Amino acid sequence: DRIHDILELFANTGQKPDPHEMFTVRGDYNGKPWSRVVYPGQIADAAICLIPPGAKAESEVVLTRPNGIRWKVKRDLRIAGPVPEVRDYKTTSDFEYVAEKDLASDTQAQLYAWAEFEETPEAGTVHLHWQFLRTKGKPESHSLRRNETREHNAQQMALIDAGAERWIQ
């Protein structure tokens, strides 16, 4: 979406977002139409201060699990290092959603961690950082973080593999 595009552009080029850019979002709630104006540059700006120099935006990798299942992983932001970090940006109208998120058992988070372990074999830990950007009201961000260990990730990936195998049969 547009907010991800703005954050990717900033990470890759340093270009700041246009705070005046806007578009209208429309929907229907219980049969009643609604609309509101969204300023994606202002929303993205709430996350820009947390993007370090040298981060790699929108990195994609295709990896194959031992059972032959291939996963395509597209990380919003990747920071290489002895403890690699992967970030994912989520837009939400309400931070209530954040309380429901558990990166320890989240399939997307575990796939991202596994990709990092594959790309950084010496790493024993991957730092997961989910950044939620509020799209309604004052633009703000809220972070959810987890230091994922190789051992825990292996356990979670075994569960993901089993689920994927059941799904494709």
Side-chain angles (χ1 to χ4, degrees), residues 1-63 71-81 83-116 119 125-148 152-153 156 160 163-164 167:
D1 73 356
R2 181 64 186 135
I3 296 165
H4 282 81
D5 294 343
I6 292 168
L7 292 167
E8 179 182 355
L9 184 64
F10 177 80
N12 290 334
T13 69
Q15 181 177 328
K16 295 270 191 176
D18 175 1
H20 304 293
E21 179 183 348
M22 61 183 236
F23 60 87
T24 303
V25 177
R26 292 179 173 78
D28 184 279
Y29 182 74
N30 289 336
K32 295 181 182 179
W34 60 267
S35 68
R36 64 183 160 91
V37 174
V38 174
Y39 293 87
Q42 292 178 21
I43 294 165
D45 198 48
I48 281 177
C49 63
L50 298 173
I51 298 176
K56 184 178 179 190
E58 292 289 332
S59 62
E60 183 176 286
V61 64
V62 177
L63 298 167
W71 292 94
K72 183 178 185 179
V73 177
K74 187 175 182 181
R75 298 157 293 197
D76 288 341
L77 194 71
R78 180 174 189 259
I79 304 162
V83 178
E85 179 175 334
V86 62
R87 293 189 188 173
D88 194 59
Y89 299 112
K90 304 287 188 193
T91 54
T92 181
S93 61
D94 190 334
F95 288 137
E96 234 177 69
Y97 171 73
V98 179
E100 299 171 11
K101 207 67 168 144
D102 179 13
L103 299 181
S105 61
D106 181 79
T107 299
Q108 182 184 23
Q110 293 303 313
L111 285 168
Y112 285 7
W114 170 63
E116 291 300 320
E119 292 184 334
T125 304
V126 168
H127 184 68
L128 300 172
H129 181 172
W130 262 223
Q131 197 161 3
F132 296 84
L133 305 170
R134 187 166 60 192
T135 59
K136 191 175 179 181
K138 181 183 175 193
E140 288 183 42
S141 73
H142 179 80
S143 293
L144 185 59
R145 301 169 193 252
R146 174 175 171 77
N147 287 323
E148 182 61 34
H152 181 265
N153 181 251
Q156 291 299 303
I160 292 168
W167 188 76

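Since this is a predicted model, take the numbers as computed values, not measurements. We count residues from 1, following the sequence as given.
Here the shortest heavy-atom pairing between P33 and D28 reads N-OD2, 4.0 Å. When every heavy atom of A47 is checked against every heavy atom of L133, the shortest pair comes out as CB-CD2, 3.6 Å. In terms of heavy atoms, A11 sits closest to I51 at CB-CG2, 4.1 Å. Residues D18 and H20 share a closest heavy-atom pair of OD1-N, 2.8 Å. What you find for V126 and V86 is that their closest heavy atoms are CG1-CG1, 4.4 Å. Taking all atoms of both residues into account, the shortest heavy-atom contact from P17 to I48 is CD-CD1, 3.3 Å.
From K101, atom NZ reaches atom CZ of R146 across 13.5 Å, with rounding to the nearest 0.5 Å. Taking CZ of F23 as the start and CZ of R2 as the end, the distance is 9.0 Å to the nearest 0.5 Å. For the atom pair CH2 of W114 and CD1 of I160, the computed distance is 9.5 Å after rounding to the nearest 0.5 Å. Atom CG in L111 sits 9.5 Å away from atom CG in L63 (nearest 0.5 Å). Taking CG of D45 as the start and CZ of F10 as the end, the distance is 8.5 Å to the nearest 0.5 Å.
Using a 4.5 Å heavy-atom threshold, the side chains of I3 and T135 count as touching. Annotation: side chain of N30 is not in contact with side chain of K32 (no heavy-atom distance under 4.5 Å). R134 places none of its side-chain heavy atoms less than 4.5 Å from the side chain of H142. Annotation: side chain of E148 is not in contact with side chain of E116 (no heavy-atom distance under 4.5 Å). Side-chain contact between H129 and S143 is present, with heavy atoms from C-beta onward closer than 4.5 Å.
The backbone N or O of A46 lies less than 3.5 Å from a partner atom in the side chain of S141, making a donor-acceptor pair. Q110 places a side-chain N or O within 3.5 Å of a backbone atom of A104 that can act as its donor or acceptor partner. A donor-acceptor pair under 3.5 Å is absent between the side-chain atoms of Q131 and the main chain of R87, judged by distance alone.
Shown here is W34, whose CH2 atom has more than 12 heavy atoms of other residues, nucleotides or ligands within 6.0 Å. Environment of OH in Y29: sparse, with no more than 12 heavy atoms of neighbouring residues, nucleotides or ligands closer than 6.0 Å. Around the CD atom of E60, the shell of radius 6.0 Å holds more than 12 heavy atoms that belong to other residues, nucleotides or ligands.
Among K74, R75, E119, R78, the single residue meeting the side chain to side chain donor-acceptor pair (under 3.5 Å) criterion with S59 is R75. I79 pairs in a side chain to side chain contact (heavy atoms under 4.5 Å, CB included) with only one of the listed residues (H127, K56, E85), which is E85.
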**OP:** Could you give me the CA-CA distance, side-chain angles and deciding distance for V98 and W130, then say whether side chain to side chain contact (heavy atoms under 4.5 Å, CB included) is met?
**Re:** CA-CA 9 Å; V98 179; W130 262 223; over 6 Å; no
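Among residues at least two apart or in separate chains, side-chain hydrogen bond (donor to acceptor under 3.5 Å, both in side chains) pairs with a member in residues 4-13 are D1-H4, H4-D76.
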